[in-house]
There are 2 protein chains.
Amino acid sequence: MQFTKAEEYGIFGVMYLATQPKGKVTPLSEISENQHVPEKFLAKIFQSLCRSGLVRSHRGVKGGFTLGKTSDKITVKEVIESIQGPYYISKCLMEPPAGQSPAMLSLRKFLERAQGSLLKVFSSHTIKDLTDWQD
Amino acid sequence: MQFTKAEEYGIFGVMYLATQPKGKVTPLSEISENQHVPEKFLAKIFQSLCRSGLVRSHRGVKGGFTLGKTSDKITVKEVIESIQGPYYISKCLMEPPAGQSPAMLSLRKFLERAQGSLLKVFSSHTIKDLTDWQD
DNA sequence: AGCCCATGCAATTCACAAAAGCCGAAGAAT
DNA sequence: ATTCTTCGGCTTTTGTGAATTGCATGGGCT
């Protein structure tokens, strides 16, 4: 429901994969070490990223993760919503508007507008934009 | 650091005052009852709103609150930031950028852009906009 | 004086974020 | 086949902040 450590770490992880040589399989331990992120926490996050296809997992010795598609095709919004589900700026937008007070309906209308503005930024930036900014 | 019940209730409270006859002093109990908000919680919120001058308090019998300025002069951003201080889309924007990792600096750049987009919506809508939408 | 209502602080409950741990499954190397 | 490595998924713990409640205080009206 908000931008937390999980999303932060997830983006770092995907960014790291994006800067690795194409085809290289990178284990969690390497990502964790380089980006200073708790490994087990990162593992949980990458499970979600894997399920949504943003990254691909490879088990066994010399296993690890690779990107599911090129970094310029992965938007920040995709990463965020893979990890925590649909993004809501406020809890009250999660509940259906039926039977709510006039003041609430009015506030919802406003919040939806604000949220739309935010999601537009989320979906118009890719991981490649972020890694490019790193230099 | 995020859009919570406190901000929600605060906006409801100010909206309610905005719909009352000009000059009327409205006690918390009335606002609480009409907007279905816990009275003590609302009291705390209104302390902040009072300190920042958005509402004016009147003590004693027949006391209560009035608006500090007309509702078309009160932006949503003012209400939010009165209640919870500066609005940050993410915790990591609260800390100074000095000495952070390249990935973090890159993410900050992105988050600042997203946050700016959001604050623009917050500051370009007033309480009057919200009460007008109620009809 | 007595009542009413805001003020301010303390305490509590509750939910969720953040992290750590454990055991199992899959796959490669030998 | 066995062993080692790495992900998979579940459970539990810890920490933090949201959301509330309670009480004692103080100012103003009648």
Side-chain angles (χ1 to χ4, degrees), chain A residues 1-13 17 24-33 35-66 68 80 82-85 87-92 94-95, chain B residues 1-13 17 24-33 35-66 68 80 82-85 87-92 94-95:
Chain A
M1 195 216 54
Q2 110 230 34
F3 205 96
T4 65
K5 291 270 176 197
E7 288 84 56
E8 188 179 308
Y9 293 162
I11 289 174
F12 287 169
L17 287 185
K24 178 190 169 193
V25 177
T26 309
L28 277 178
S29 56
E30 182 182 335
I31 306 175
S32 164
E33 192 171 329
Q35 301 285 14
H36 311 100
V37 167
E39 184 172 340
K40 283 304 294 182
F41 197 5
L42 196 60
K44 184 146 100 182
I45 295 166
F46 265 63
Q47 282 179 34
S48 309
L49 295 175
C50 187
R51 269 192 285 270
S52 62
L54 296 183
V55 302
R56 206 184 310 269
S57 82
H58 307 266
R59 300 219 252 193
V61 180
K62 291 275 174 187
F65 291 90
T66 53
I80 294 174
S82 294
I83 296 172
Q84 59 153 20
Y87 187 90
Y88 292 108
I89 200 183
S90 165
K91 270 185 204 160
C92 71
M94 301 173 66
E95 292 143 26
Chain B
M1 193 214 54
Q2 112 228 34
F3 205 97
T4 66
K5 291 270 176 197
E7 288 84 55
E8 187 179 309
Y9 293 163
I11 289 173
F12 286 170
L17 287 185
K24 178 190 169 193
V25 177
T26 310
L28 279 177
S29 56
E30 182 182 336
I31 306 175
S32 164
E33 192 171 328
Q35 302 286 17
H36 311 101
V37 167
E39 184 173 341
K40 285 300 298 179
F41 196 5
L42 197 60
K44 182 146 105 182
I45 295 167
F46 265 62
Q47 282 179 34
S48 309
L49 295 175
C50 186
R51 269 192 285 270
S52 61
L54 296 182
V55 302
R56 205 185 312 269
S57 80
H58 307 267
R59 299 220 250 193
V61 182
K62 291 277 176 184
F65 290 90
T66 52
I80 294 174
S82 293
I83 296 172
Q84 59 151 22
Y87 187 89
Y88 291 108
I89 200 183
S90 165
K91 269 184 204 162
C92 72
M94 300 174 65
E95 292 144 26

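Below, chains carry the letters A, B, ... as their sequence lines are ordered, and counting in each starts from 1. Every heavy atom of this structure was used, including side-chain atoms; hydrogens, water molecules and symmetry mates were not.
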Tell me, for nucleotides 2-11 of chain C in 5' to 3' order, what letter each nucleotide earns: B for a base near a protein heavy atom under 4.0 Å, S for only sugar-phosphate near one, - for neither? -BBSSBB---

Protein-nucleotide distance ([X], atom [atom1]; [N], atom [atom2]), rounded to Å:
| X | N | atom1 | atom2 | value |
| --- | --- | --- | --- | --- |
| B/Met94 | D/dT16 | CE | C1' | 13 Å |
| B/Ile80 | D/dA18 | CD1 | C1' | 16 Å |
| A/Leu42 | C/dA18 | CG | P | 14 Å |
| B/Phe3 | D/dA19 | CZ | P | 11 Å |
| B/Glu8 | D/dT20 | CD | C1' | 15 Å |
| A/Arg56 | D/dG8 | CZ | C1' | 18 Å |
| A/Glu30 | D/dC7 | CD | P | 11 Å |
| A/Gln2 | C/dA18 | CD | C1' | 12 Å |

Ring pair (Phe, Tyr, Trp, His ring centres under 6.0 Å) partners for B/Phe65, two or more places apart: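 For B/Phe65 the ring pair (Phe, Tyr, Trp, His ring centres under 6.0 Å) partners, ignoring immediate neighbours, are B/Phe46.
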
OP1 or OP2 of D/dA19 less than 4.0 angstrom from a side-chain nitrogen or oxygen of B/Tyr9, does that happen here? no

With a 4.0 Å limit, can you tell me whether B/Thr4 has a side-chain N or O closer than that to the phosphate oxygens OP1/OP2 of D/dG17?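 Answer no for this pair, as no side-chain N or O of B/Thr4 is under 4.0 Å from OP1 or OP2.
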
Residues A/Lys44 and A/Glu39 bridged, charged N to O under 4.0 Å: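 Looking at A/Glu39 together with A/Lys44, the answer is no, because their closest N to O distance does not fall below 4.0 Å.
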
Give a yes or no answer on whether the side chain of A/Glu7 reaches the backbone of A/Thr4 with a donor-acceptor pair at less than 3.5 Å.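 Yes; judged by distance alone, with no hydrogens or angles, the pair exists.
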
Can you tell me if A/Ser32 uses its side chain to pair, donor with acceptor, with the backbone of A/Val37 under 3.5 Å? yes

So, do B/Phe12 and B/Ile45 sit near enough that their side-chain heavy atoms are less than 4.5 Å apart? no

Heavy atoms, side chains only, cut-off 4.5 Å: are A/Gln84 and A/Tyr87 in contact? yes

